[in-house]
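First up is the structure itself, then whatever we jot down about it.
Note: hydrogens, waters and symmetry copies are ignored here, and every other heavy atom, side chains too, is used. On a predicted model such as this, the values are computed, not experimentally measured, just so you know. The residues of the chain are indexed from 1 along the displayed sequence.
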Amino acid sequence: MATELTLQTDMASPSLAAADATGNTWNNSTGQVYLWVKNASGSSITVTVAEVRTCSFGHAAQNFTATVADTVTTALGPFDIMRFNSSARKATATYSDATSVTVAAVEG
């Protein structure tokens, strides 16, 4: 089960925690939350944020994916509440490799 990240508000210097190999969730009630990812794994990783609803125009669900190179820290998002929030108002990210990857959920 994915580990929930504590929502932070300091966009300048968020406190990063180890990424969970099964994924991370965060409260995305406002739709103004960024997922910070720091990759120190030795190679690029792929971060996937699951889209949970089909587009209102009938298109199939399309997950958000981003490649994060080794030694890079980046902020991804924000994630639209209509596309990415579960019924509990949480978004979920998974990682192609969580080894030496740290993350934070920061409201901007």
Side-chain angles (χ1 to χ4, degrees):
M1 181 174 208
T3 300
E4 185 167 352
L5 298 171
T6 301
L7 192 59
Q8 301 177 45
T9 57
D10 185 0
M11 191 67 84
S13 57
S15 177
L16 301 169
D20 187 322
T22 63
N24 290 103
T25 63
W26 63 91
N27 180 330
N28 192 45
S29 295
T30 65
Q32 295 300 311
V33 180
Y34 293 81
L35 178 66
W36 281 71
V37 179
K38 180 178 182 178
N39 180 12
S41 70
S43 60
S44 294
I45 62 163
T46 301
V47 178
T48 303
V49 179
E51 183 178 55
V52 297
R53 290 189 180 86
T54 302
C55 172
S56 59
F57 294 110
H59 301 283
Q62 178 126 10
N63 295 335
F64 169 89
T65 60
T67 300
V68 181
D70 183 37
T71 72
V72 169
T73 301
T74 190
L76 306 174
F79 299 96
D80 181 82
I81 60 176
M82 295 303 294
R83 290 182 57 203
F84 297 100
N85 280 15
S86 68
S87 59
R89 299 182 181 180
K90 297 183 189 312
T92 302
T94 55
Y95 318 98
S96 60
D97 183 2
T99 305
S100 300
V101 175
T102 52
V103 294
V106 186
E107 189 166 21

>> Before you tell me yes or no, could you show the steps for L7 and V33 under side-chain contact (heavy atoms from CB on, under 4.5 Å), namely the whole-Å CA-CA distance, both residues' side-chain angles and the distance that decides it to 0.1 Å?
In response: CA-CA 8 Å; L7 192 59; V33 180; 3.6 Å; yes
>> Show the nearest heavy-atom pair for residues S29 and I81, with the distance to one decimal.
In response: O-CG2, 3.8 Å
>> Check this for me: M82, atom CE, are more than 12 non-hydrogen atoms of other residues, nucleotides or ligands nearer than 6.0 Å?
In response: no
> With the 4.5 Å side-chain cut-off for hydrophobic clustering, are M11 and L16 part of the same group?
Replying inline: yes
> Does anything in residues 83-108 pair up under ring-ring contact (aromatic ring centres under 6.0 Å, His included), and if so which pairs, sequence neighbours excluded?
Replying inline: F79-F84
>> According to a hydrophobic-cluster definition based on side-chain heavy atoms being under 4.5 Å apart (Ile, Leu, Val, Met, Phe, Trp, Tyr only), do W36 and I45 belong together?
In response: no
>> Tell me every residue that passes side chain to side chain contact (heavy atoms under 4.5 Å, CB included) with A69, counting only those two or more places apart in sequence or in another chain.
In response: S44, V72
> Is any side-chain heavy atom of S43 closer than 4.5 Å to a side-chain heavy atom of D70?
Replying inline: no
>> Between E51 (side chain only) and R83 (backbone N and O only), is there a donor and an acceptor less than 3.5 Å apart?
In response: no
> OG1 of T74 to NZ of K38: how many Å apart, nearest 0.5 Å?
Replying inline: 13.0 Å
> Counting N and O atoms only, with roles assigned by atom type, does the side chain of Q8 sit under 3.5 Å from a partner on the main chain of S15, one being a donor and the other an acceptor?
Replying inline: yes
> Applying salt bridge (Lys or Arg N to Asp or Glu O under 4.0 Å), which residue pairs with at least one partner in residues 86-96 are found, sequence neighbours left out?
Replying inline: E4-K90
>> I'd like to check the side chain to side chain contact (heavy atoms under 4.5 Å, CB included) partners of T48; sequence neighbours left out, ordered by chain and number.
In response: T46, N63, T65, T94
> Looking at A93 and V49, what are the two nearest heavy atoms and their distance?
Replying inline: CB-CG2, 4.1 Å
>> On a heavy-atom basis, which atom in T25 and which in A2 lie closest, and how many Å separate them?
In response: CG2-CB, 3.8 Å
> At what distance, to the nearest 0.5 angstrom, does CG of L5 lie from CG of N27?
Replying inline: 11.0 Å
>> Please determine whether side-chain contact (heavy atoms from CB on, under 4.5 Å) holds for the pair V103 and V47, giving the CA-CA distance in whole Å, both sets of side-chain angles, and the decisive distance to 0.1 Å.
In response: CA-CA 11 Å; V103 294; V47 178; over 6 Å; no
>> Under 4.5 Å between side-chain heavy atoms, counting indirect links through other Ile/Leu/Val/Met/Phe/Trp/Tyr residues: same cluster for V52 and F64 or not?
In response: no
> Which other residues end up in the same hydrophobic cluster as M1, if Ile, Leu, Val, Met, Phe, Trp and Tyr are linked when side-chain heavy atoms come under 4.5 Å apart?
Replying inline: none
> Taking the side chain from N28 and the backbone from A91, do they hold a donor-acceptor pair closer than 3.5 Å?
Replying inline: no
>> Test of understanding: with side chain to side chain donor-acceptor pair (under 3.5 Å), list the residues that count as partners of D20, not counting sequence neighbours.
In response: T3, T22
>> Minimum heavy-atom separation for A98 and A19, please, with both atom names.
In response: CB-O, 3.9 Å
> Could you state the interatomic distance from OH (Y34) to CG (L76), rounded to the nearest 0.5 Å?
Replying inline: 11.0 Å
